[in-house]
Amino acid sequence: MNEAQLAAELAFQEGWKDGGLEGELVPRGPFRFSAALAYMGRSENECLFYVDQDQDRVCKWIEAGGERVLVEIFGGPEDRTVRLRFLDEAAHGNPQTRLAAARYVWEWFDLGTDLDAFYQLAESDLLLGPLTQRFYGLRCIGIPDLFEALCWAILGQQINLAFAYTLKRRFVESYGASMAWDGRTYWTFPTPETIAGLSVADLTPLQLTSKKAEYVLETAARMADGRLTKEHLLSLADAQAVERELTAIRGIGPWTAHYVMMRCLRLPSAFPAGDVGLQNAVKHLFGMDSKPTPVELQRLAAGWSGFEAYATFYLWRVLY
DNA sequence: AACCAGGCTGCTA
DNA sequence: TAGCAGCATGGT
């Protein structure tokens with residue numbers, strides 16, 4: 001573990017209050033649980049967690065520490081913290097399981113990042129300033145599992161988000177694990193081992209293109225045999241090295257690499273410059289009559305140095 | 001009913 | 001190095 005990772009682990013341990021059947025995560029810096037919930041409820045078709053807008057909570061069957069636990073996640077006092085309630089018995093006598101699940105949620109909600117520095121930068125930015133007020137306390141909701149992050153990005157290439165969610169649902173419901181609770185079915189994302197054992201013909205019926213099927217299979221094979229791991233990517237020296245490593249894989253281009261760096265590896269300078277959504281957000285906010293080019297976007301982003309990932313997430317939030 | 005969608009590969013010049 | 005066709009299908 002390097003210095004930054006050690007600091008992050010210490011921050012988590014400070015923020016996690018285990019109370020047995022329930023627990024609380026206290027984030028660093030500005031945070032509003034409702035901002036996270038609003039983002040997470042953007043698709044009715046989400047299959048990996050269930051957002052209950054009426055009751056202000058999200059439920060997920062979390063895979064952590066070698067076990068799976070069903071967790072209810074809701075806001076704490078004044079919307080400022082995240083509370084966890086462990087619903088099934090797996091976690092009840094097991095502090096290690098609770099710790100692992102809490103660590104997952106901490107990472108998922110990016111609770112270790114202090115937004116103050118980003119907000120300070122945004123204050124003098126024409127584009128970001130208003131957004132940080134509009135979405136105050138919003139964290140970059142992530143995808144802690146590397147295989148899930150890569151697959152989601154690959155599935156979502158060059159199609160609209162609604163269809164991407166449909167593809168993900170078919171993929172998960174075909175090859176993931178499930179459990180039923182309170183009249184609802186909860187799913188975990190398929191493992192690389194499971195997917196690596198498939199062929200293109202198993203995936204095209206889900207309406208993946210044959211190319212996407214190949215990309216997903218290749219990614220699964222690399223993760224199943226250990227050539228590709230999150231730990232290794234995190235150990236690399238800089239973002240460029242990570243991008244090189246990821247784009248060496250067929251089907252993973254700069255957009256997918258940066259998407260994963262942003263939502264899974266949490267590299268603050270990750271920036272999917274060619275992203276259509278990003279272009280549309282900027283076009284919309286500036287009232288332009290055509291989309292900015294990637295070069296124009298890069299010019300804009302020059303002022304966001306070190307915070308490109310958060311800038312991107314806040315810009316995306318405008319659209320959905 | 002065109003046109004677009006949170007791109008990538010592989011081929012040209 | 002830069003440009004571009006092809007992919008291939010659902011949403012709006």
Side-chain angles (χ1 to χ4, degrees), chain A residues 38-48 127 131 135 138 140-143 146 148-174 200-220 222 228 242-267 269-285 288-298 300-301 304 308-320:
Chain A
Y39 165 77
M40 298 173 86
R42 68 184 179 153
S43 173
E44 294 288 324
N45 217 0
E46 174 62 62
C47 60
L48 292 175
L127 213 48
L131 297 185
F135 303 120
L138 174 68
C140 175
I141 304 301
I143 306 173
L146 178 62
E148 181 189 334
L150 284 164
C151 288
W152 172 235
I154 291 168
L155 291 180
Q157 287 169 4
Q158 183 55 19
I159 58 174
N160 61 61
L161 215 47
F163 185 37
Y165 274 108
T166 298
L167 289 181
K168 181 170 86 164
R169 175 180 288 283
R170 290 178 185 153
F171 188 71
V172 168
E173 293 185 351
S174 297
V200 170
D202 294 314
L203 295 177
T204 47
L206 311 182
Q207 305 297 80
L208 275 77
T209 63
S210 51
K211 286 205 183 302
K212 279 187 184 178
E214 289 171 16
Y215 302 161
V216 166
L217 291 175
E218 170 66 17
T219 301
R222 285 179 184 248
L228 177 64
V242 177
E243 182 175 358
R244 266 200 306 277
E245 183 106 1
L246 284 173
T247 54
I249 301 168
R250 192 161 160 273
I252 300 181
W255 178 86
T256 303
H258 279 265
Y259 185 92
V260 169
M261 286 155 64
M262 170 182 164
R263 299 204 60 196
C264 181
L265 305 175
R266 298 298 194 179
L267 303 185
S269 62
F271 185 61
D275 181 76
V276 167
L278 204 50
Q279 295 166 11
N280 283 330
V282 171
K283 174 188 168 189
H284 175 254
L285 289 169
M288 304 159 73
D289 37 49
S290 63
K291 290 182 292 194
T293 65
V295 174
E296 289 175 305
L297 269 180
Q298 289 285 9
L300 262 179
W304 307 335
E308 291 92 336
Y310 256 93
T312 299
F313 197 76
Y314 271 63
L315 284 165
W316 276 344
R317 189 67 188 80
V318 172
L319 299 175
Y320 308 110

Closest listed nucleotide, where the reference is the side chain of Gln207(A) and the choices are dT9(C), dG7(B), dA5(B): dT9(C)
Steps toward side-chain contact (heavy atoms from CB on, under 4.5 Å) verdict (Arg317(A), Leu131(A)): CA-CA 9 Å; Arg317(A) 189 67 188 80; Leu131(A) 297 185; over 6 Å; no
Whether Lys168(A) side chain and Asn45(A) backbone form a donor-acceptor pair below 3.5 Å: no
Sugar-phosphate only, base, or nothing, as touched by Ile252(A) at under 4.0 Å among non-hydrogen atoms: sugar-phosphate
Side-chain donor/acceptor of Tyr314(A) to backbone N/O of Leu138(A), under 3.5 Å: yes
Atom pair distance, as rounded to whole Å: CH2 in Trp255(A) and C1' in dA5(B): 11 Å
Any Thr204(A) side-chain nitrogen or oxygen under 4.0 Å from OP1 or OP2 of dA8(C): no
Check: Arg266(A) main-chain N/O paired with Arg263(A) side-chain donor or acceptor under 3.5 Å: no
Comparing Ile159(A) and Thr256(A) on DNA chain B - which has the more 5′ nearest nucleotide: Ile159(A)
N/O donor-acceptor pair under 3.5 Å between Arg222(A) side chain and Leu228(A) backbone: no
side-chain N/O Lys212(A) vs dT9(B) OP1/OP2, d < 4.0 Å: no
Sugar-phosphate, base or nothing in reach of Ile249(A), heavy atoms under 4.0 Å: sugar-phosphate
Whole angstrom value for the distance that separates P of dT9(B) from CD of Glu218(A): 11 Å
Interatomic distance at P, dA1(B) relative to dC7(C), whole Å: 24 Å
Integer-rounded Å distance: dA5(B) C1' and Tyr320(A) OH: 9 Å
Same-atom distance (C1') from dG10(C) to dT9(B), integer angstrom: 22 Å
Protein-nucleotide distance (Leu206(A), atom CG; dG10(C), atom P), rounded to Å: 13 Å
Atom pair distance, as rounded to whole Å: CG in Leu203(A) and C1' in dT9(C): 16 Å
Which residue lies more 5' along DNA chain C, comparing Gln158(A) with Ala162(A) via nearest heavy atoms: Gln158(A)
Centroid-centroid distance, Tyr39(A) to Phe135(A), less than 6.0 Å: no
First of Ser210(A) and Asn160(A) reached from the 5' end of DNA chain C, by closest nucleotide: Ser210(A)
Sugar-phosphate only, base, or nothing, as touched by Tyr215(A) at under 4.0 Å among non-hydrogen atoms: sugar-phosphate
Spacing between Trp152(A) atom CH2 and dG7(B) atom P, to the nearest angstrom: 11 Å
Whole-Å gap separating P (dT9(C)) and CD (Gln157(A)): 16 Å
Touch class at under 4.0 angstrom, heavy-atom based, for Pro254(A) against every strand present: sugar-phosphate
Between C1' of dG7(B) and CZ of Phe163(A), the distance in whole Å: 15 Å
With the criterion being N/O to N/O and under 3.5 Å, what pairs connect the protein with nucleotides 10-12 of chain B, and how long is each?
unit_1: dG10(B); atom_1: OP1; unit_2: Arg250(A); atom_2: NE; d: 3.2

Under 3.5 Å: donor-acceptor pair, side chain of Glu46(A), backbone of Tyr165(A): no
Flag side-chain contact, heavy atom, 4.5 Å: Pro292(A) against Leu300(A): no
Residue matched to dA8(C) through Watson-Crick or wobble contacts both under 3.5 angstrom: none
